[in-house]
Amino acid sequence: MNILEQILEEIDQKIEKAKELMVSCPCDRLDVIANETAEAFIEAYKECQEIICSHMEDEPVSNTDKLDNGWIPAEIPPKTNDYILLSFSNFSLPLVGRYGADETGGHFIWEIVTEMIRVSVTIYT
């Protein structure tokens, strides 16, 4: 099994975990927000799966910056402002975020946006 297939399996597990967190009978606005957040995660995971599947037939790209397991370490930042899959050793769920840089340096940004709230977390490396 190649690394992309392993990632797809991990994403499937994360989708199932997000589905388990959904409230089946929401009784207040917080339950609705929790469900919207879980649905946003599920949608983001599915988009990641589609992107990965679209590249499964591509020839592997040689990249000396990648670790043996195919992941690029945080010390080597992305060159674009595209959304990327963030995975941390001390956090069980992968996140969809982006990399940004300003006068203080580079950092990863994870955002949740619903109709009622916007949460932005900056993760410094």
Side-chain angles (χ1 to χ4, degrees):
M1 178 182 297
N2 72 31
I3 188 69
L4 294 179
E5 291 169 338
Q6 291 174 348
I7 292 170
L8 287 173
E9 276 188 16
E10 289 180 34
I11 292 173
D12 280 334
Q13 293 170 358
K14 302 307 178 187
I15 289 173
E16 290 307 312
K17 181 77 168 180
K19 287 179 181 178
E20 290 173 12
L21 297 174
M22 292 186 68
V23 179
S24 58
C25 297
C27 20
D28 60 19
R29 186 67 189 142
L30 288 177
D31 289 345
V32 172
I33 291 172
N35 283 351
E36 289 174 352
T37 303
E39 289 170 356
F41 271 106
I42 291 168
E43 187 61 33
Y45 290 142
K46 288 181 179 180
E47 287 180 26
C48 289
Q49 283 180 321
E50 290 173 12
I51 292 168
I52 291 168
C53 288
S54 72
H55 294 285
M56 298 266 308
E57 298 299 320
D58 291 351
E59 290 295 317
V61 177
S62 173
N63 187 342
T64 56
D65 292 336
K66 289 185 181 180
L67 297 175
D68 291 339
N69 61 8
W71 287 90
I72 299 172
E75 294 79 23
I76 303 170
K79 296 181 180 22
T80 65
N81 199 24
D82 293 336
Y83 283 91
I84 55 175
L85 187 63
L86 304 171
S87 178
F88 302 96
S89 62
N90 61 349
F91 191 70
S92 62
L93 293 172
L95 306 169
V96 176
R98 58 187 175 81
Y99 180 82
D102 56 22
E103 62 278 348
T104 62
H107 47 271
F108 293 94
I109 302 164
W110 169 62
E111 295 178 322
I112 295 177
V113 180
T114 69
E115 62 185 50
M116 296 293 290
I117 60 170
R118 178 185 182 135
V119 177
S120 180
V121 178
T122 302
I123 305 157
Y124 295 92
T125 57

Under 4.5 Å between side-chain heavy atoms, hopping through other hydrophobics if needed: is there a path connecting Ile52 to Ile3? yes
Within this structure, what is the CD1-CG distance for the pair Ile51 and Leu4, rounded to the nearest 0.5 Å? 12.0 Å
Report the distance from atom CD of Glu47 to atom CD1 of Ile11, rounding to the nearest 0.5 Å. 11.5 Å
Just how far is it from atom CD of Glu10 to atom OH of Tyr45, taken to the nearest 0.5 Å? 11.0 Å
Answer whether the closest heavy-atom distance between the side chains of Ile15 and Gln49 falls below 4.5 Å. yes
Do Glu43 and Lys46 sit within salt-bridge range, that is, some charged N less than 4.0 Å from a carboxylate O? no
Least distance between heavy atoms, Ala38 atom then Ala18 atom: CB-O, 3.8 Å
At what distance, to the nearest 0.5 angstrom, does CD1 of Ile7 lie from CD of Glu9? 11.0 Å
Roughly how far apart are Met22 CE and Glu36 CD, rounded to 0.5 Å? 9.5 Å
If you measure from CD on Glu5 to SG on Cys53, what distance do you get to the nearest 0.5 Å? 9.5 Å
With a 4.5 Å limit on heavy-atom distance, are the side chains of Val32 and Val23 in contact? no
Results of side-chain hydrogen bond (donor to acceptor under 3.5 Å, both in side chains) for Asp31 - residues two or more places apart only: none
